[in-house]
> 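Got a structure for you, questions after.
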Amino acid sequence: MEQGDRTCQLRDEDELSFHEIAAVLKAEGIRSKRGERWHPETVRQLLVNPTDKPPTLYPRQRTS
């Protein structure tokens with residue numbers, strides 16, 4: 001199971017907070033993309049941006 005799939009499952013089915021999700025992922029031995037420990041902010045970023053691309057990589061929208 002990918003980290004994003006597991007994170008969504010914990011949020012949607014178990015209704016856990018970002019802090020609780022980070023603790024579960026750490027306890028299950030699931031590593032973050034960089035192999036570092038999980039932080040609530042890391043969980044939030046993964047859930048907000050599941051494509052795992054930093055927002056700066058998206059093309060800028062031109063405004064008129």
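All values reported here derive from a predicted model rather than from experimental measurement.
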> On a heavy-atom basis, which atom in Ala22 and which in Pro40 lie closest, and how many Å separate them?
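For Ala22 and Pro40, the tightest heavy-atom pair comes out as CB-N, 4.1 Å.
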
> Treating Trp38 as the side-chain partner and Ile30 as the backbone partner, does any N or O pair qualify as donor plus acceptor under 3.5 Å?
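Yes, the answer is positive, given that a donor and an acceptor are paired below the 3.5 Å cut-off.
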
> Let me confirm one number: the CZ-OG1 distance from Arg44 to Thr7, rounded to the nearest 0.5 Å.
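The distance works out to 13.5 Å.
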
> Return the NZ to NE2 distance between Lys26 and His39, rounded to the nearest 0.5 Å.
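Between atom NZ of Lys26 and atom NE2 of His39 there are 9.5 Å.
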
> Using a distance-only test with no angle check, is there a side-chain donor-acceptor pair under 3.5 angstrom linking Ser17 and Glu20?
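Side-chain D/A pair, Ser17 to Glu20: present.
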
> How many angstroms lie between OG1 in Thr42 and CZ in Phe18, if you round to the nearest 0.5 Å?
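If we round to the nearest 0.5 Å, Thr42:OG1 and Phe18:CZ are 11.5 Å apart.
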
> Under the rule for side chain to side chain contact (heavy atoms under 4.5 Å, CB included), what residues qualify as partners of Glu36, not counting sequence neighbours?
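So Glu36 forms a side chain to side chain contact (heavy atoms under 4.5 Å, CB included) with Ser32, Arg34.
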
> Is there a side-chain contact between Val43 and Leu10, using heavy atoms and a 4.5 Å cut-off?
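Heavy-atom side-chain distance check fails, nothing below 4.5 Å.
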
> Decide yes or no on side chain to side chain contact (heavy atoms under 4.5 Å, CB included) for Arg11 and Leu16, but give the supporting numbers first.
CA-CA 5 Å; Arg11 182 198 58 197; Leu16 299 180; over 6 Å; no

